[in-house]
Amino acid sequence: MEGVKRLFFTKVTGERIKERGLMEPEGRAKMKEVMKNFVMIAPPQPRDAVQQGGAAVFKGNSLVYLRADEATADHAPVSEVMAAAECPECTI
């Protein structure tokens with residue numbers, strides 16, 4: 001249960017959701033639309049799902065950037081990832 005609390009019920013999760021405008025009416029409507037087909041898939045053991053994600057950039061066999069998401073919605077800044085990939089002009 002501690003892993004679930006760390007990922008979904010932290011100050012960081014709330015901050016990131018607010019930063020993305022998901023607490024505003026338009027943001028809530030967009031999230032509702034995106035989530036309408038969401039189906040919860042849980043691993044056999046709850047402890048198996050305590051890392052939401054992260055980002056890694058390699059140059060050949062060398063790891064040049066690694067960031068584990070601290071909580072839900074806490075993604076690596078695109079500018080950091082692109083800088084690590086030596087592609088500052090890249091956009092998504």
Side-chain angles (χ1 to χ4, degrees):
M1 184 62 174
E2 185 58 36
V4 172
K5 284 178 15 184
R6 180 178 63 82
L7 294 174
F8 295 107
F9 303 105
T10 68
K11 181 179 177 186
V12 173
T13 297
E15 290 170 353
R16 298 303 174 262
I17 288 172
K18 188 174 181 181
E19 287 170 5
R20 288 171 175 76
L22 300 176
M23 301 302 289
E24 302 299 323
E26 184 178 320
R28 286 195 308 265
K30 286 180 183 178
M31 183 59 82
K32 186 176 180 180
E33 177 65 22
V34 169
M35 297 297 291
K36 70 181 178 182
N37 295 318
F38 175 78
V39 176
M40 178 67 164
I41 301 173
Q45 299 295 321
R47 69 178 181 269
D48 295 338
V50 296
Q51 179 58 47
Q52 285 286 297
V57 176
F58 291 86
K59 186 172 186 176
N61 291 329
S62 298
L63 178 65
V64 295
Y65 180 86
L66 179 64
R67 183 178 184 282
D69 295 348
E70 186 176 334
T72 301
D74 179 46
H75 308 293
V78 173
S79 60
E80 286 183 12
V81 176
M82 292 299 117
E86 297 178 353
C87 188
E89 72 280 358
C90 295
T91 60
I92 54 170

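One-based numbering along the sequence shown.
When every heavy atom of L22 is checked against every heavy atom of G27, the shortest pair comes out as CD2-O, 3.8 Å. Minimum interatomic distance between A55 and V81 (heavy atoms only, all atoms of both residues): CB-CG2, 4.3 Å. Residues A84 and V64 come closest through the heavy atom pair O-CG2, 3.7 Å.
Residues meeting the side-chain hydrogen bond (donor to acceptor under 3.5 Å, both in side chains) test with K59, sequence neighbours left out: E86. With sequence neighbours excluded, the residues forming a salt bridge (Lys or Arg N to Asp or Glu O under 4.0 Å) with K30 are E26, listed by chain and number. Under the side chain to side chain contact (heavy atoms under 4.5 Å, CB included) criterion, F58 pairs with A56, L63, sequence neighbours left out. Taking the side-chain hydrogen bond (donor to acceptor under 3.5 Å, both in side chains) definition, one finds that E24 meets it with nothing, sequence neighbours left out. Evaluation of the side chain to side chain contact (heavy atoms under 4.5 Å, CB included) rule for R28 yields P25 as partners, not counting sequence neighbours. Residues that satisfy the side-chain hydrogen bond (donor to acceptor under 3.5 Å, both in side chains) test with K11, not counting sequence neighbours, are absent from this structure. Scored by the side chain to side chain contact (heavy atoms under 4.5 Å, CB included) test, P77 finds Y65, R67, S79, E80 as partners (sequence neighbours excluded).
Evaluation of the salt bridge (Lys or Arg N to Asp or Glu O under 4.0 Å) test over residues 34-44, restricted to residues two or more places apart or in two chains, returns E33-K36.
Cluster partners of V12 are absent, since no Ile, Leu, Val, Met, Phe, Trp or Tyr has side-chain heavy atoms less than 4.5 Å from it.
Considering M23, R16, K18 in turn, R16 is the only one that fulfils the side-chain contact (heavy atoms from CB on, under 4.5 Å) rule with R20.
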